[in-house]
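Note that the structure is predicted; figures quoted are calculated from it, not measured.
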Amino acid sequence: MKQTFFLLLFLIVNIAASANNYKLDESNLNVLFESSCDISYMLTSSELMKHGIESAAAAGEKRQVVGAIIAFVGPVGGYIVGTIAYFVFAVATLGLGAYCFPIFYIPIFLPYHRWYLGTNGNGANVGLLYCVTLNWCGVLSFIDGIMLLIDDTEEKYIENPQYVMWID
């Protein structure tokens with residue numbers, strides 16, 4: 001009885017949602033396109049991004065403190081994102097993706113705070129070293145965050161290309 005009801009309901013919804021019931025007013029659509037504004041340049045413009053960073057610095061926010069927050073939160077956020085992606089992939093592949101679990105935990109080891117502070121063109125190497133050394137089991141990001149909060153010498157951490165930024 002339930003199967004017949006759901007089959008009938010499915011057929012009714014399909015008939016009601018048929019594409020023949022909808023018509024496109026092309027003249028109205030052309031008017032909307034002509035009156036629209038292209039914002040893609042504004043969203044990707046490096047000048048706009050630089051202005052945003054400069055205005056944040058002018059407002060008194062220190063990149064070092066934000067970098068420390070990212071260092072503390074990055075591994076936790078990477079774990080959450082990796083876990084969600086793992087479960088979605090495992091369910092989508094009907095359990096076969098469960099054997100690929102190490103791949104989904106790579107975001108835990110990525111140095112988001114280093115990329116935020118800048119690595120002077122050495123970001124890929126630093127990221128690879130963080131992954132290969134497993135971020136010292138998460139300790140390296142934690143130490144980086146503490147050092148960013150304790151030490152006020154910005155020139156030491158901003159655009160630092162070294163793997164361990166607090167060692168001279």
Side-chain angles (χ1 to χ4, degrees), residues 29-168:
L29 185 64
N30 288 336
V31 169
L32 289 174
F33 271 115
E34 289 172 6
S35 65
S36 66
C37 175
D38 183 19
I39 63 168
S40 59
Y41 174 74
M42 290 187 286
L43 294 176
T44 60
S45 170
S46 61
E47 291 300 320
L48 184 65
M49 289 182 189
K50 287 179 185 175
H51 175 69
I53 291 172
E54 289 170 3
S55 65
E61 293 182 11
K62 296 176 84 176
R63 282 180 71 185
Q64 214 165 316
V65 174
V66 175
I69 293 169
I70 294 171
F72 292 132
V73 176
V76 176
Y79 176 77
I80 292 170
V81 168
T83 303
I84 291 171
Y86 166 69
F87 282 119
V88 168
F89 187 70
V91 169
T93 59
L94 302 174
L96 295 176
Y99 299 108
C100 301
F101 73 93
I103 295 169
F104 293 101
Y105 291 105
I106 290 174
I108 297 172
F109 309 116
L110 295 175
Y112 304 106
H113 62 290
R114 295 296 308 277
W115 294 332
Y116 173 75
L117 295 172
T119 56
N120 203 15
N122 204 17
N125 293 340
V126 171
L128 185 63
L129 284 171
Y130 268 70
C131 287
V132 168
T133 60
L134 300 178
N135 193 356
W136 297 358
C137 296
V139 176
L140 184 56
S141 288
F142 186 71
I143 294 171
D144 285 348
I146 291 173
M147 293 303 292
L148 287 168
L149 289 176
I150 292 174
D151 197 0
D152 287 339
T153 55
E154 289 183 18
E155 63 273 355
K156 185 175 181 180
Y157 302 111
I158 308 296
E159 296 297 332
N160 188 337
Q162 295 178 347
Y163 166 58
V164 180
M165 65 181 174
W166 34 267
I167 294 179
D168 291 328

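Aromatic ring centres of Tyr163 and Tyr130: separated by under 6.0 Å.
Rounding to the nearest 0.5 angstrom, the gap separating the CG atom in Leu148 from the CZ atom in Arg114 is 9.0 Å. The CG atom of Asn135 sits 5.0 Å away from the CG atom of Leu140 when rounded to the nearest 0.5 Å. Atom CG of Leu149 and atom CD of Gln64 lie 8.0 Å apart (nearest 0.5 Å). Interatomic distance, CG of Leu134 versus CD1 of Ile106, reported as 10.0 Å (0.5 Å rounding). For the atom pair CZ of Phe89 and CG of Leu96, the computed distance is 8.5 Å after rounding to the nearest 0.5 Å. Separation of atoms OH (Tyr86) and OH (Tyr79) is listed at 10.5 Å; rounding is to 0.5 Å.
A pairwise comparison of heavy atoms in Gln162 and Asn160 identifies N-OD1, 3.0 Å as the closest pair. Looking at every heavy atom in both residues, Thr133 comes nearest to Leu129 through OG1-O, 2.7 Å.
Two residues are said to be in side-chain contact when any heavy atoms from C-beta on lie closer than 4.5 Å; Phe72 and Ile146 meet this criterion. Proximity of Leu110 to Trp115: side-chain heavy atoms (C-beta onward) are separated by under 4.5 Å at one or more points. The shortest distance between side-chain heavy atoms of Val73 and His113 does not fall below 4.5 Å. Using a 4.5 Å heavy-atom cutoff, the side chains of Lys156 and Met165 are not in contact. The shortest side-chain heavy-atom distance between Tyr112 and Ser141 does not fall under the 4.5 Å cut-off.
Side-chain contact of Trp166 with Asp144: a donor-acceptor pair under 3.5 Å is present, judged by distance alone.
Among Thr119, Val126, Asn122, the single residue meeting the side chain to side chain contact (heavy atoms under 4.5 Å, CB included) criterion with Pro161 is Asn122.
Because its NZ or CZ atom is both nearer than 6.0 Å to the ring centre of Tyr116 and within 45° of the ring axis, Arg63 counts as a cation-pi partner of that residue.
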